[in-house]
*Asks:* 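Right, I'll just put the structure down here and ask away after.
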Amino acid sequence: MKPDPITITANGKRERLDSACSVAEFIEAHGWKTTQVVVERNGSVLARNELRTQMLADGDCLEVIVPVAGG
Amino acid sequence: MTDKPQTLRIANRDFNSRLILGTGKFASGEIMASALEASGAELVTVALRRADLSGQRDKFANILTFIDAKKYVLLPNTSGARNAEEACRLARLGREATGSTWLKLEIHPDPRYLLPDAVETLKAAEVLVNEGFTVLPYINADPVLAKRLEDAGCATVMPLGSPIGSARGIETRASIEIIIEQATVPVVVDAGMGAPSHAAEAMEMGADAVLVNTAIAIAADPERMAEAFKAAVAAGRAAYEIGLAVKRTEAEATSPLTGFLNEP
């Protein structure tokens, strides 16, 4: 059976995924290593070791955040 | 006899340097790193932003690779937060991203003057102190608010000298003097320090530290300007610890007032 596509919102933009994947897979598909970013999923910060175990679900809202220069 | 300079204690940590450096606006990570080294700073701010998911990264994506986490205490900030709720979210993200529980709490919804929102800052500080953060709040030079934040358990108060990046120096002097007089936590003068003399002035007034970013970052030679600020902070602090001369209305001669040529 073909997996169902899901739609999530990442950094304010809606994105359709062919099938559910882990948060880590999503980040890596967008050019980042899991060690470089920090992720908030539906309002809660994920610990680094949760990124690979947490599977994205339809309607999820992600904030993928990176430390930058700033005062 | 020469006394040793007093160390700065924030929360349970001692610092030899009283200059805190912001990492924004430098032309490159390498230039920032050399200025940081030259400044002698031990506490350094970073910001948090959404990662670019388009595949085209911005050049400052890896700011932490330019800061040796063993050598510096990271102070993630909450810039970009418009209210207490957003600041708390950014604080938790910053803790996860940097591994540091130290936090520069800043909430300034108005982009024109970037003046801090006192109500939201106090609200966020109360929540974050309870969550175990070491909170260093950026505030207007309001002595009453400073006391409230201290009572809420903040590790410092950080009143502004003048608006962020304005280089106007200490325009809030009278209020900062009251804050310093009343505070039982370190007072860090943050924002508006455009020249080393501004930083020295803050230290001579009895501020415990200053936070500088723009004046160093956009200087033609950031490394050398960092050294200049370092020297100014040390000079101002030494003068404060020693005690400045008392201002007088009338002159007081430095040469003897006897033995003049025309004396009878």
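A, B, ... follow the sequence lines: proteins, then strands. Residue 1 opens every chain.
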*Asks:* In terms of side-chain heavy atoms, does B/Arg224 have a donor or acceptor partner in B/Ser34 at a distance below 3.5 Å?
*Replies:*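 No, because no side-chain N or O of B/Arg224 sits under 3.5 Å from a partner of the opposite role on B/Ser34.
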*Asks:* Determine whether a donor-acceptor pair (N or O, by modelled atom type, separation under 3.5 Å) exists between the side chain of B/Thr172 and the backbone of B/Leu160.
*Replies:*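 Between the backbone of B/Leu160 and the side chain of B/Thr172 there is a qualifying donor-acceptor contact (under 3.5 Å).
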*Asks:* With a 3.5 Å cut-off and sequence neighbours excluded, list the donor-acceptor pairs that the side chains of residues 53-65 of chain A form with protein atoms.
*Replies:*
unit_1: A/Thr53; atom_1: OG1; unit_2: A/Glu50; atom_2: O; d: 3.1
unit_1: A/Gln54; atom_1: OE1; unit_2: A/Arg41; atom_2: NH1; d: 2.4
unit_1: A/Asp58; atom_1: OD1; unit_2: A/Thr7; atom_2: N; d: 2.7
unit_1: A/Asp60; atom_1: OD1; unit_2: A/Asn42; atom_2: ND2; d: 3.0
unit_1: A/Asp60; atom_1: OD2; unit_2: A/Arg41; atom_2: NE; d: 2.8
unit_1: A/Asp60; atom_1: OD2; unit_2: A/Arg41; atom_2: NH2; d: 2.6
unit_1: A/Asp60; atom_1: OD2; unit_2: A/Ala57; atom_2: N; d: 2.9
unit_1: A/Glu63; atom_1: OE1; unit_2: B/Arg50; atom_2: NE; d: 2.7
unit_1: A/Glu63; atom_1: OE1; unit_2: B/Arg50; atom_2: NH2; d: 3.4
unit_1: A/Glu63; atom_1: OE2; unit_2: B/Arg50; atom_2: NH2; d: 2.8

*Asks:* How long is the straight-line distance from CD1 of B/Ile164 back to CG of B/Leu115, given to the nearest 0.5 Å?
*Replies:*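 Separation between the atoms: 8.0 Å.
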*Asks:* Can you name the residues of residues 98-113 of chain B that have some heavy atom under 4.5 Å away from a heavy atom in chain A?
*Replies:*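 Expected list: B/Lys104, B/Glu106.
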*Asks:* Side chain of A/Thr9, backbone of A/Gly12: donor and acceptor closer than 3.5 Å?
*Replies:*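 No; judged by distance alone, with no hydrogens or angles, the pair does not exist.
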*Asks:* Could you tell me whether the side chain of B/Arg18 and the main chain of B/Asp208 form a donor-acceptor pair under 3.5 Å?
*Replies:*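 Yes, B/Arg18 side chain to B/Asp208 backbone: donor-acceptor pair under 3.5 Å.
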*Asks:* Hey, which residues of residues 80-95 of chain B are touching chain A, say heavy atoms under 4.5 Å apart?
*Replies:* B/Arg89, B/Arg92, B/Leu93
*Asks:* Using a heavy-atom distance cut-off of less than 4.5 Å, which residues of residues 131-141 of chain B contact chain A?
*Replies:*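 Against chain A, none of the residues of residues 131-141 of chain B fall inside the cut-off of heavy atoms under 4.5 Å.
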*Asks:* Show the numbers, then the answer: is there a side-chain contact (heavy atoms from CB on, under 4.5 Å) between B/Ile216 and B/Phe26?
*Replies:* CA-CA 8 Å; B/Ile216 293 174; B/Phe26 285 90; 3.9 Å; yes
*Asks:* Just verifying a value: how many Å separate A/Arg52 CZ and A/Thr34 OG1, rounded to the nearest 0.5 Å?
*Replies:* 5.5 Å
*Asks:* Could you pull out the closest heavy-atom pair between B/Ala226 and B/Ala35, with the gap in Å?
*Replies:* CB-O, 3.3 Å
*Asks:* Could you check whether any side-chain N or O of B/Ser17 sits under 3.5 Å from a backbone N or O of B/Leu19, counting only pairs where one atom can act as donor and the other as acceptor?
*Replies:* yes
*Asks:* How many angstroms lie between atom CG of B/Asp117 and atom NZ of B/Lys123, to the nearest 0.5 angstrom?
*Replies:*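 Interatomic distance, B/Asp117 CG to B/Lys123 NZ, rounded to 0.5 Å: 8.0 Å.
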*Asks:* Who among B/Ala51, B/Ala217, B/Ser79, B/Pro76 has the most heavy-atom pairs with chain A under 4.5 Å?
*Replies:* B/Ala51
*Asks:* Apply side-chain contact (heavy atoms from CB on, under 4.5 Å) to residues B/Val73 and B/Glu42 and explain how you reach the verdict.
*Replies:* CA-CA 6 Å; B/Val73 176; B/Glu42 296 159 285; 5.9 Å; no
*Asks:* Please report the closest heavy-atom contact between A/Gln36 and A/Pro67, naming both atoms and the distance.
*Replies:*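 Closest heavy-atom pair between A/Gln36 and A/Pro67: O-CD, 3.8 Å.
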*Asks:* To the nearest 0.5 angstrom, please state how far the CG atom of A/Leu51 sits from the NZ atom of A/Lys33.
*Replies:*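 So the CG of A/Leu51 and the NZ of A/Lys33 are separated by 15.0 Å.
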*Asks:* Based on non-hydrogen pairs under 4.5 Å, which of B/Leu53, B/Thr45, B/Ile20 is most in contact with chain A?
*Replies:* B/Leu53
*Asks:* With a 4.5 angstrom heavy-atom cut-off, is it the side chain or the backbone of A/Ile27 that approaches chain B, or both, or neither?
*Replies:* neither
*Asks:* Which atoms of A/Ala47 come close to chain B, meaning under 4.5 Å heavy atom to heavy atom: side chain ones, backbone ones, both, or neither?
*Replies:*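 For A/Ala47, backbone and side chain are both near chain B.
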*Asks:* Taking the side chain from B/Glu96 and the backbone from A/Arg48, do they hold a donor-acceptor pair closer than 3.5 Å?
*Replies:* yes
